[in-house]
Structures are given as C-alpha cells and as structure tokens.
K.L.:
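What follows is a single structure, and I will ask about it in a moment.
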Amino acid sequence: MEDCVFCKIIGGKIPSAKIYEDEKVISFLDIMPANKGHCLVVPKIHAQTLVEMGDEDLSAAIKATKKVARALSLSFGNGSFNIVMNNGKEAGQLVNHAHIHLIPRFQKDRLRIKWSHLKYEGDEIKDYAEKIKKFI
Ligand code: 5GP
Ligand code: ZN
C-alpha cells in the first residue's frame, strides 16, 4: 500500500523507534503517545481492521503484544497497561492499517478510558444477542 504510513515504516522507508520485529509483526513507539512508552503492534501484511486480518497474523500480533507488554512492565512500567484497537472511522481509526495500541498506565496519569453505561429495555438484550449470533 503506497500511501500507508505503517507500510512505509515496515518497508524501512520512514524511521521508527522499533522495539520488536518477527516474520509477521513489528512493534514501535507511537509518535504521539497517550503515555510515554505507548507502543503499537502492527501486522506486516496490510489489512484495515481486525476482521480483515488473517488468523496467523492475528495470533502473531497478540503474542507480540504480550511480549511487549511484559517488556514494558519490566523496564519502567508497573504491570498496568491498556490494550486498545480502533477499528473503522467511527471507532476513531486514523491510520487504516490494523494496529494494536499498548499503553502503559501510571498512578495519577491523565488518560481516561471510560464510557457512560446505557440500559437495555425489556427483551432488547436477547434481540441483540440473536441478531449477532446468526452471523457467528
Ligand atoms: P489510530 O487512531 O489509527 O488507532 O491510531 C494511529 C496512531 O498512529 C496514532 O496514535 C498516531 O500517533 C500514530 N502514528 C501516526 N503516524 C505515525 C508515524 O509516522 N509514526 C509513528 N511511530 N506513529 C504514528
Ligand atoms: Zn499498510
């Protein structure tokens, strides 16, 4: 993908602060971190979202995420981190190459990953479950 910034990083055309690389994935620091040490784990094959990723790439990506999370915790972290993956425009995905955010958390940091809670009415929760189950 010629215009994809992460494909350019994978191809070595633009620099990155690389932490980890194997046959299927690469991990580097996010250039505009939510907290310092914020890493991205990125499959080498271009796919836009998690759903479009091949199972082997997905498996490699989540294993690499664990590896990097462990290294973050052992280096300067404290074992607390959030994993975030924005999939699609409405979810806030800005770079259209699938990636997992790994964000170290610290006491009194200013990051907030919270949502307000809605309520289902009557049997609505069952209707939602039925609708989704049909496509599993
Ligand atoms: P998204 O909103 O798509 O989930 O997040 C994309 C992330 O990629 C952002 O947090 C942004 O800071 C990061 N990013 C965008 N361009 C670059 C770049 O050229 N290098 C690095 N290291 N990170 C980038
Ligand atoms: Zn790409």
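Whatever order the structure lists them in is the order used to number ligands and atoms, beginning at 1. Everything numeric in this text was worked out from a predicted model, so none of it was measured.
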K.L.:
Verify, without hydrogens or angle tests, whether Arg105 (side chain) and Leu111 (backbone) share a donor-acceptor contact under 3.5 angstrom.
P.N.:
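Judged by distance alone, yes, a pair lies under 3.5 Å.
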K.L.:
Check whether Asp123 reaches the backbone of Lys126 with its side chain - one donor and one acceptor, N or O, closer than 3.5 Å.
P.N.:
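Between the backbone of Lys126 and the side chain of Asp123 there is no qualifying donor-acceptor contact (under 3.5 Å).
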K.L.:
Any heavy-atom pair between the side chains of Ser27 and Lys18 that's under 4.5 Å?
P.N.:
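Side chain of Lys18 against side chain of Ser27, heavy atoms only: no contact under 4.5 Å found.
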K.L.:
Just jot down the ligand 1 atoms closer than 4.0 angstrom to any heavy atom of Val5, in number order.
P.N.:
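Under 4.0 Å from Val5, ligand 1 has these atoms: 19 (O).
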K.L.:
Using a 4.0 Å cutoff against the non-hydrogen atoms of His101, which atoms of ligand 1 qualify?
P.N.:
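Atoms satisfying the 4.0 Å criterion: 1 (P), 4 (O), 5 (O), 7 (C), 10 (O).
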K.L.:
With the Zn ion (ligand 2) at the apex, how many degrees lie between SG of Cys4 and ND1 of His46, rounded to 10 degrees?
P.N.:
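Cys4 SG and His46 ND1 form an angle of 110° at the Zn ion (ligand 2).
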K.L.:
Provide the number and element of each atom of ligand 1 under 4.0 Å from a heavy atom of Asn86.
P.N.:
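Numbered from 1, ligand 1 contributes 1 (P), 2 (O), 4 (O).
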K.L.:
Starting from atom 8 (O) of ligand 1, find the nearest protein heavy-atom neighbour and note its residue, name and distance.
P.N.:
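For atom 8 (O) of ligand 1, the nearest protein heavy atom comes out as Phe6 CZ, 3.5 Å.
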K.L.:
Kindly indicate whether the side chain of Leu102, heavy atoms from C-beta on, has any atom under 4.5 Å from the side chain of His38.
P.N.:
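Leu102 does not reach His38 side chain to side chain.
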K.L.:
Out of Met85, His38, His99, who is nearest to atom 5 (O) of ligand 1 when you count heavy atoms only?
P.N.:
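Considering heavy atoms of Met85, His38, His99, the nearest to atom 5 (O) of ligand 1 sits in His99.
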K.L.:
Tell me, which protein residue and heavy-atom name are nearest atom 12 (O) of ligand 1, and how many Å apart are they?
P.N.:
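The closest heavy atom on the protein side is Asp30 OD1, 2.5 Å.
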K.L.:
Which pair of non-hydrogen atoms, one from Asp109 and one from Pro104, has the smallest distance, and what is that distance?
P.N.:
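Answer, listing the atom of Asp109 first, then Pro104: OD2-O, 4.3 Å.
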K.L.:
Is the shortest N/O to N/O distance between Val95 and ligand 1 below 3.5 Å?
P.N.:
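Yes, since at least one N or O of Val95 sits under 3.5 Å from an N or O of ligand 1.
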K.L.:
Give the minimum heavy-atom separation between Ala61 and Thr65, together with the two atoms involved.
P.N.:
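Between these two residues, the closest heavy atoms are O-OG1, 2.7 Å.
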K.L.:
Does ligand 1 come near enough to Gly92 that some N or O of the ligand is less than 3.5 Å from an N or O of the residue?
P.N.:
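Yes, there is a polar N/O contact under 3.5 Å.
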K.L.:
When you measure from the side chain of Gln93 to the backbone of Gln48, do you find a donor-acceptor pair of N or O atoms at a distance under 3.5 Å?
P.N.:
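It does hold such a pair.
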K.L.:
Walk me through whether Phe28 and Val41 qualify under side chain to side chain contact (heavy atoms under 4.5 Å, CB included).
P.N.:
CA-CA 7 Å; Phe28 49 85; Val41 179; over 6 Å; no
K.L.:
Does the distance from a Lys or Arg side-chain N to an Asp or Glu carboxylate O, for Lys44 and Glu21, drop under 4.0 Å?
P.N.:
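Salt bridge: yes.
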K.L.:
Looking at Asp30 and Cys39, would you say the former's side chain and the latter's main chain have a donor-acceptor pair under 3.5 Å?
P.N.:
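No, Asp30 side chain to Cys39 backbone: no donor-acceptor pair under 3.5 Å.
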K.L.:
Show which atoms of ligand 1 fall inside a sub-4.0 Å distance from at least one heavy-atom site of Ile31.
P.N.:
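Taking each heavy atom of Ile31 in turn, ligand 1 has 17 (C), 20 (N), 21 (C), 22 (N), 23 (N), 24 (C) under 4.0 Å.
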K.L.:
Examine Leu29 against ligand 1 and note whether any of their N/O atoms are separated by less than 3.5 Å.
P.N.:
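Yes; at least one N/O pair falls below 3.5 Å.
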K.L.:
Any nitrogen or oxygen of Gln93, main chain or side chain, under 3.5 Å from a nitrogen or oxygen of ligand 1?
P.N.:
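N/O-N/O distance below 3.5 Å does not exist for this pair.
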K.L.:
Can you tell me if Ser16 has a non-hydrogen atom under 4.0 Å from ligand 1?
P.N.:
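Heavy atoms of Ser16 never come under 4.0 Å of ligand 1.
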K.L.:
Taking distance alone, with no angle check, do Ile9 and ligand 1 share an N/O pair under 3.5 Å?
P.N.:
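No.
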K.L.:
Rounded to the nearest 10 degrees, what's the angle ND1 of His97 makes with SG of Cys7 at the Zn ion (ligand 2)? Could you check?
P.N.:
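With the Zn ion (ligand 2) as the vertex, the angle is close to 110°.
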